[in-house]
**Q** 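Dropping the structure in here first, questions after.
Chain letters run A, B, ... following the sequence lines, proteins first, then strands; residues in each count from 1.
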Amino acid sequence: MPAQTKSAAKLQGAWWKYTAGLLMAYVIYGAFAIAHGAIGFAEKGVAARVIFFHVPCAVLSSVAYFAGMCYAVRYLYSSHRKSLKDDWYSAAAMELGFLFCILCTLTGSIFAGIQWGSFWNWDPRETSIVIMLLLYASYLLLRTGLSRSPEKKARLSAVYTIVALVPAQFLIWVVPRILATMHPTTTLTDPRMTSITYKMVLYPSFAAFTLLFIWLMQLRVRSLRILALRKERALRRISEKY
Amino acid sequence: MNSMPWHKQAAALWKKDIRAEMRTRVATGSMGVFALSALLLIALSMLSVKGVEYRDALGRLKPAWDDAGKMALLWTLLCFAAFTGLAHPFVHEEESGTSLALRLYMSAEAVYAGKLLFNLTTLAAMMLVITPAYMLLTGMNTGRLILFFPIMIGGCFGLGSVATVVAALAAKAKSSGALFGAIGLPILVVFLILLMQAAHLCYAGNATPISIVKDVGGLVSFGVMIVALSAMLFHFIWDD
Amino acid sequence: MKLHLHNLGHRYGARVLFRGIEHTAAEGSVTIVTGPNGAGKSTLLRIAADLLLPWEGSALLYQTSEAVTGAQRKMTTGYVSPEMALYSEFTGAENLAFYARLRGLQPDNAFLRSALEKVGLKGRGRDRYADYSSGMKQRLKIAVAQLGEPMLLLLDEPGTNLDRSGAEILQEALQEVRNRKGIALLATNEPDEELWGDEKICVNAV
């Protein structure tokens, strides 16, 4: 294929990346210019604009875990020769989950500082996200401890992902329900509670963050593949030399 | 030749581990000494708040260090003590090279069952010593016995099951000792939250049957789920 | 009874150990596995013991026309390897008794005594494994591998640290496998030991 048509095909396949960029730009603009300040919040509701970034991050940090777990299950139970590709996808999802977890904690803490007067309140959802952070961190730690064999690393970290699902799902479903929370649980799930300007920004924001997540995942998997190839090539070069 | 039923193999492994433990006392010794020193430190550092009372959100006077708080500290202590000793059964097999023979002579499920049983036994033995000593030193009450015992047993089960599967994972990594606590404790934090929630029931006068089933059930189901998943996945950890 | 190695190959990461090994060991035969250090003799035996999944190909054990798999295969395999260790906190007899129990045997005193005597450890059963010399450890490992009269006996450099009478014990063990129509694989580079086999596989680094 000539180089020109190849790059044209690449550009055609990238349409959704442009969409992601445009959507994200719209969300950033909309968060400050379209949505009105929320009623009943401190500082005339200016701080509440953080939800356009905070809530998608929170959702993604748990969705990423489930994505990582699905790929872990796929890796372990693929009947024929196990493919390290599934492990890369699983690891990439978990790394991104860690990233969005941090972003969610930071944005939440900024809002809490302005709205509730303290950056940290031991609200159950705050506790949950911190423990979620710890779970992600220990997953990544386990992977660094298993750097010798890629197959073993893939197998054991997949097992850890599945076992840690038990505390993760308790965190997401059970803990916020058994402890009293300051989080507005119904504000976002009940459509009557948000104004039309909020919806105009919040719903595109979910789409923008989801596309961003998929894009980042693709990039990370590609870089993990390159790292693995480079390691293999280095090994081969050594065995040729000596 | 017929294959051995897994529970008989598991029982043989359990007996072997108990016997080795009686001789070397690595796991029980390290856990016991750790738990006793921590116990002493907790009791000493909490002397200052012994008689202190505070007003809660509704304006009622409450002791700063009540029974539920004492229970929470007891479990924190037990968790850390467990994590000093419970990696030993797996790490020892991997480090001394005896795991290779076990892989040939036993099925993975039998190894898991045997090691889980051994860890639960050691943990129960430690709790039988530590809990009364803690109650004596801090003056913790048992509260309602009908809830106290299920909570202690459920806690032992959950703690042991998490420690077992995490120890098996950590034993396969380099510097497994350091990794063991780091990858196990985040899982246990969630479990401890459930445990403390259930512990409140012991001392609350107004516990309804529904809240008892919900909280104690949640506690037990955590352990059951961990054991079920670990048993399913153990051969991925154990076999090369 | 036969052991069929078909198009067997293994690699660690990018390093290929061996490829395309084709061999059928008939019942009552002893196969010698030779090859330079690091060629993958031990790996081949590990695969034959069903302790390692091969990268490509298969190593199947047939009792009749059906392959023996899983727990049943493990129960009919005896394995000696330098990487394998027994429990140093137990005595020789206790070690034997433990593995015998895992094989479903009832190890009474007479059983243990005869098993120890067979490998020349008579009277040393009550000493700790940790206090054994390396040759005695090797003998005990051979005794453990023979528990339950396995149909597939895999010996990975079994002659290490053994004296002349130790070598006789090995020959006797191989003869017993032949008599019960089992299969033995012996990985070695000792010219004397290579003479004990009927067939030979040469593992060469690719």
Side-chain angles (χ1 to χ4, degrees), chain B residues 1-30 88-115 117-118 171-172 231 234-240, chain C residues 10 12 42-43 45-54 63 68-91 94-95 97-107 128-130 137 140-141 144-145 147-152 154 156 180 182:
Chain B
M1 198 188 289
N2 289 322
S3 55
M4 274 275 282
W6 65 270
H7 57 91
K8 280 194 179 164
Q9 287 197 328
L13 181 65
W14 177 72
K15 267 185 214 150
K16 186 249 4 166
D17 276 340
I18 294 273
R19 206 164 187 192
E21 186 55 40
M22 300 279 230
R23 265 182 216 177
T24 59
R25 297 198 190 84
V26 178
T28 42
S30 55
H88 179 70
F90 275 113
V91 173
H92 185 63
E93 302 268 10
E94 293 290 344
E95 278 177 358
S96 63
T98 46
S99 58
L100 189 59
L102 278 192
R103 235 166 252 142
L104 182 67
Y105 281 75
M106 294 180 77
S107 64
E109 302 83 63
V111 173
Y112 175 68
K115 293 289 182 190
L117 208 61
F118 172 75
K172 289 280 183 171
F234 188 73
H235 67 276
F236 290 119
I237 307 176
W238 182 245
D239 294 331
D240 272 328
Chain C
H10 197 73
Y12 287 115
S42 298
T43 305
L45 257 66
R46 251 185 212 227
I47 291 171
D50 206 18
L51 288 172
L52 188 67
L53 215 60
Q63 187 85 48
V68 187
T69 52
Q72 204 145 23
R73 174 156 176 185
K74 283 184 170 179
M75 292 296 283
T76 58
T77 307
Y79 179 54
V80 174
S81 144
E83 287 125 69
M84 195 168 100
L86 306 180
Y87 295 97
S88 48
E89 58 267 40
F90 288 135
T91 66
E94 282 169 337
N95 265 307
F98 172 59
Y99 291 107
R101 246 176 244 125
L102 293 182
R103 280 275 148 105
L105 306 168
Q106 256 81 45
R128 287 222 182 167
Y129 179 72
K137 283 181 178 162
L140 191 65
K141 281 199 238 173
V144 167
L147 285 169
E149 305 195 327
M151 294 305 272
L152 179 63
L154 305 162
D156 189 358
R180 61 173 175 259

**Q** Can you find a pair of side-chain heavy atoms, one from C:Arg46 and one from C:Glu83, that are under 4.5 Å apart?
**A** yes

**Q** If the contact rule is any heavy atom under 4.5 Å from chain C, which residues of residues 97-104 of chain B qualify, in numerical order?
**A** B:Gly97, B:Thr98, B:Leu100, B:Ala101, B:Leu102, B:Arg103, B:Leu104

**Q** Only one of C:Leu51, C:Leu154, C:Asp50 clears side chain to side chain contact (heavy atoms under 4.5 Å, CB included) with C:Thr77; which?
**A** C:Leu154

**Q** Can you tell me which portion of C:Val68 sits under 4.5 Å from chain B's heavy atoms? Options are side chain, backbone, both or neither.
**A** neither

**Q** Could you measure the distance from the CD atom of B:Glu109 to the CD atom of B:Gln9? Nearest 0.5 Å is fine.
**A** 9.5 Å

**Q** Using 0.5 Å steps for rounding, measure from the NZ atom of C:Lys141 to the CG atom of C:Asp156.
**A** 9.5 Å

**Q** Counting only heavy atoms closer than 4.5 Å, note whether C:Ser81 contacts chain B via side chain, backbone, both or neither.
**A** side chain

**Q** Would you mind checking which part of C:Arg73 comes under 4.5 Å of any heavy atom in chain B, side chain (CB onward), backbone (N, CA, C, O), both or neither?
**A** neither

**Q** Looking only at non-hydrogen atoms, find the nearest pair between B:Met106 and C:Leu102 and report the distance.
**A** CG-CD1, 3.6 Å

**Q** What part of C:Tyr87 gets closer than 4.5 Å to chain B, counting heavy atoms only: side chain, backbone, both or neither?
**A** both

**Q** Would you please classify the geometry between the B:Phe234 ring and the B:Tyr112 ring as parallel, tilted or perpendicular, with 30° and 60° separating the classes?
**A** tilted

**Q** Is there a donor-acceptor pair under 3.5 Å between the side chain of C:Arg103 and the backbone N or O of C:Thr76?
**A** no

**Q** Should we say atom CD of C:Gln106 is surrounded by more than 12 heavy atoms from elsewhere, each under 6.0 Å from it?
**A** no

**Q** In terms of heavy-atom proximity below 4.5 Å to chain C, should B:Lys8 be classed as side chain, backbone, both, or neither?
**A** neither

